[in-house]
Amino acid sequence: MAGFWLTEEQEAIREGVAKVCAAFDDEYWRRTDETGNFPEEFVAAIAEGGWLGVAMPESVGGAGLGLTEAAVMMQTVAQSGAGFSGASAIHLNIFGPMPLVKFGTDEQRERLLPRLISGEDKMCFAVTEPNSGLDTSSLETRAEKVDGGYRLNGRKIWTTGAQRANKILIIARTTPKDQCAKPTGGLSLFYTDREKIEAKPIPKMGRKAVECNMLFIEDLFVPQEDLVGEEGKGFQYLLHGLNPERVLFAVEAIGLGRAALAKATTYAKERVVFGRPIGQNQGVAHPLAKSWAELEAANLLAFKAAALYDAGKDCGAEANAAKYLGAEAGFTACEASVLAHGGMGYAKEYDVERYFREAMIARIAPVSREMILNFIAERVLGLPKSY
């Protein structure tokens, strides 16, 4: 962004992505939510436009742009009415492969990244486990060194898109925790084939079209050439992708909140009760006005975090705070929109109930509100660590 507005190039990205999204109306997203069918046509259209490679290097067919441009793109998708159903269908392709970009070999980048950009390969990302939650240092999935590679055993949970992915980026412990100088040491990152991993979908509250899974990994052989970077440094590699992920979740939640606010504003102007539009009542108007202010404030911090990241500066505090504020503002806007619609806010035909259900995602993932506040308290304010 140039100051507080988009550059001409970024505005062109917004317009280009919006044009693709315009072909997929409310009925399309309502149908995917009801049936659980993955939005294949939408993803294909995004891939055909070359948007999946917005942040990938030009050397492998990407656009070579930054987190700011990726944020413009993903916010536009969510704000189009696609919400998290659309954003999550392509989210991983945007910054998920960054460990490969930064730490993979030239051979890995040239062989693997073009297939992700074209949509020929689909990846999923497996970190969280049933017994560890946000405590990545306590991961139990093991990768034992064997002739020619590694053999993996363990479980992962909340792995998005595993039903359709043919590739998986997965972290596993290669050295026992008690033999490492740091608890986060001894973890290694692999990018390998997913087909031999059993994936069981988890029934959930919203975003039915983009499933999450429990993974069961039993004696999975992973070739040596599928190790990303050096053995034992997987956690450090993950850290490089955490701040961009927080920023993208923030702008997606803000985009969803804006979509909900637009629906509510239109309804409040058109719905007449007691001889006047309901938007004339401050009880309806004020929550919507408050949501606009909160969304705009969160958006400024999110794009500040993106700009810091693109400039190579530390953005941990801003990225985490943006994710916190963006998720809360998006949720509040969706709630206000449902309430502004009254009884019809509970009806699927007005879409805001779907937005409301999807808005919960960013409040929980990829990191909880409480852990973000812990981070800020400790790293920004200098308070004693609480856990």
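Values in this document were obtained by computation on a predicted structure and should not be read as measured data. Along the sequence shown, residues carry numbers from 1.
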Within this structure, what is the [atom1]-[atom2] distance for the pair [X] and [Y], rounded to the nearest 0.5 Å?
X	Y	atom1	atom2	value
Phe190	Thr141	CZ	OG1	11.0 Å
Glu294	Thr332	CD	OG1	5.5 Å
Asn320	Cys315	CG	SG	9.0 Å
Leu189	Phe125	CG	CZ	6.0 Å
Lys204	Trp158	NZ	CH2	7.5 Å
Ser368	Asn374	OG	CG	7.5 Å

For the backbone of [Y] and the side chain of [X], can you confirm whether one donor and one acceptor N or O come within less than 3.5 Å of each other?
X	Y	answer
Thr265	Leu261	yes
Ser337	Ala260	yes
Tyr355	Gly330	no
Thr32	Trp29	yes
Lys122	Asn166	no
Glu198	Phe216	no
Gln10	Thr7	yes
Gln108	Leu227	yes
Arg207	Phe84	no
Glu140	Gly154	no

Give the cluster check for [X] versus [Y]: same hydrophobic cluster or not, with ILVMFWY residues linked at side-chain heavy-atom distances below 4.5 Å.
X	Y	answer
Trp51	Met98	yes
Leu239	Leu169	yes
Ile94	Leu256	no
Val54	Met123	yes
Val146	Leu152	no

Next on the checklist: Among residues at least two apart in sequence or on other chains, which ones pass side-chain contact (heavy atoms from CB on, under 4.5 Å) with Glu328?
Outcome noted: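 Applying side-chain contact (heavy atoms from CB on, under 4.5 Å) to Glu328 gives Tyr324, Arg363, Arg369.
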
Checklist entry - Is any side-chain N of the basic residue among Arg30 and Glu34 closer than 4.0 Å to the acidic one's carboxylate O? => result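 Answer for the salt bridge query: no.
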
Next on the checklist: For Arg31, is there an ion pair with Glu27 - N to carboxylate O distance below 4.0 angstrom?
Outcome noted: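 Yes, this pair counts.
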
Checklist entry - Among Thr68, Val17, Leu248, which residue meets the side chain to side chain contact (heavy atoms under 4.5 Å, CB included) test with Met73? => result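 Only one of Thr68, Val17, Leu248 forms a side chain to side chain contact (heavy atoms under 4.5 Å, CB included) with Met73, namely Val17.
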
Is atom [atom1] of [X] surrounded by more than 12 heavy atoms (other residues, nucleotides or ligands) closer than 6.0 Å?
X	atom1	result
Glu378	CD	yes
Asp178	CG	yes
Glu48	CD	no
Arg379	CZ	no
Lys177	NZ	yes
Glu8	CD	no

Contact between [X] and [Y] at the side-chain level, heavy atoms closer than 4.5 Å - yes or no?
X	Y	answer
Thr184	Thr136	no
Cys124	Arg164	no
Tyr267	Val284	no
Glu231	Ser188	yes
Glu349	Met344	yes
Ile13	Leu65	yes
Asn153	Glu218	yes
Leu116	Lys167	no

Checklist entry - Which of parallel (below 30°), tilted (30 to 60°) and perpendicular (above 60°) describes Phe24 and Phe42? => result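 Perpendicular: the ring planes of Phe24 and Phe42 meet at over 60°.
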
List the atom of [X], the atom of [Y], and the distance in Å for their closest heavy-atom pair.
X	Y	answer
Gly81	Arg354	O-NH1, 3.3 Å
Gln163	Ala199	NE2-O, 3.0 Å
Arg246	Pro366	NH1-CG, 4.4 Å
Ala71	Val251	O-CG2, 3.7 Å
Met371	Val367	CB-CG2, 3.6 Å
Ile117	Gly62	CD1-N, 3.7 Å

Next on the checklist: Does Lys304 form a side chain to side chain contact (heavy atoms under 4.5 Å, CB included) with Leu308? I'd like the steps, not just the answer.
Outcome noted: CA-CA 6 Å; Lys304 177 185 177 182; Leu308 287 170; 4.2 Å; yes

Checklist entry - Between Thr174 and Lys145, does a side chain to side chain donor-acceptor pair (under 3.5 Å) hold up when you go through it step by step? => result CA-CA 8 Å; Thr174 44; Lys145 193 76 175 71; over 6 Å; no

Checklist entry - Could you go step by step and tell me if Phe331 and Phe356 meet the ring-ring contact (aromatic ring centres under 6.0 Å, His included) rule? => result CA-CA 7 Å; Phe331 176 82; Phe356 182 64; 5.3 Å; yes

Item to check | Sequence neighbours excluded - ring-ring contact (aromatic ring centres under 6.0 Å, His included) pairs with any residue from residues 367-387 | outcome: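 Every pair satisfying ring-ring contact (aromatic ring centres under 6.0 Å, His included) with a residue in residues 367-387: there are none.
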
Next on the checklist: For Asp26 and Lys263: C-alpha separation, side-chain torsions, deciding distance, then whether salt bridge (charged side-chain N to carboxylate O under 4.0 Å, His left out) applies.
Outcome noted: CA-CA 11 Å; Asp26 289 337; Lys263 292 275 190 183; 2.5 Å; yes

Item to check | Arg357 vs Glu353, salt bridge (charged side-chain N to carboxylate O under 4.0 Å, His left out): CA-CA, chis, key distance, verdict | outcome: CA-CA 6 Å; Arg357 286 183 285 113; Glu353 64 82 30; 2.9 Å; yes

Checklist entry - Hey, mind stepping through Arg173 and Leu187 against side chain to side chain contact (heavy atoms under 4.5 Å, CB included) and telling me if it holds? => result CA-CA 4 Å; Arg173 183 163 288 285; Leu187 295 169; 3.8 Å; yes

Next on the checklist: What verdict does the salt bridge (charged side-chain N to carboxylate O under 4.0 Å, His left out) test give for Arg258 and Glu296, after you've listed the backbone C-alpha separation in whole Å, the side-chain angles of each residue and the deciding distance to 0.1 Å?
Outcome noted: CA-CA 9 Å; Arg258 285 176 170 174; Glu296 290 303 304; 3.0 Å; yes

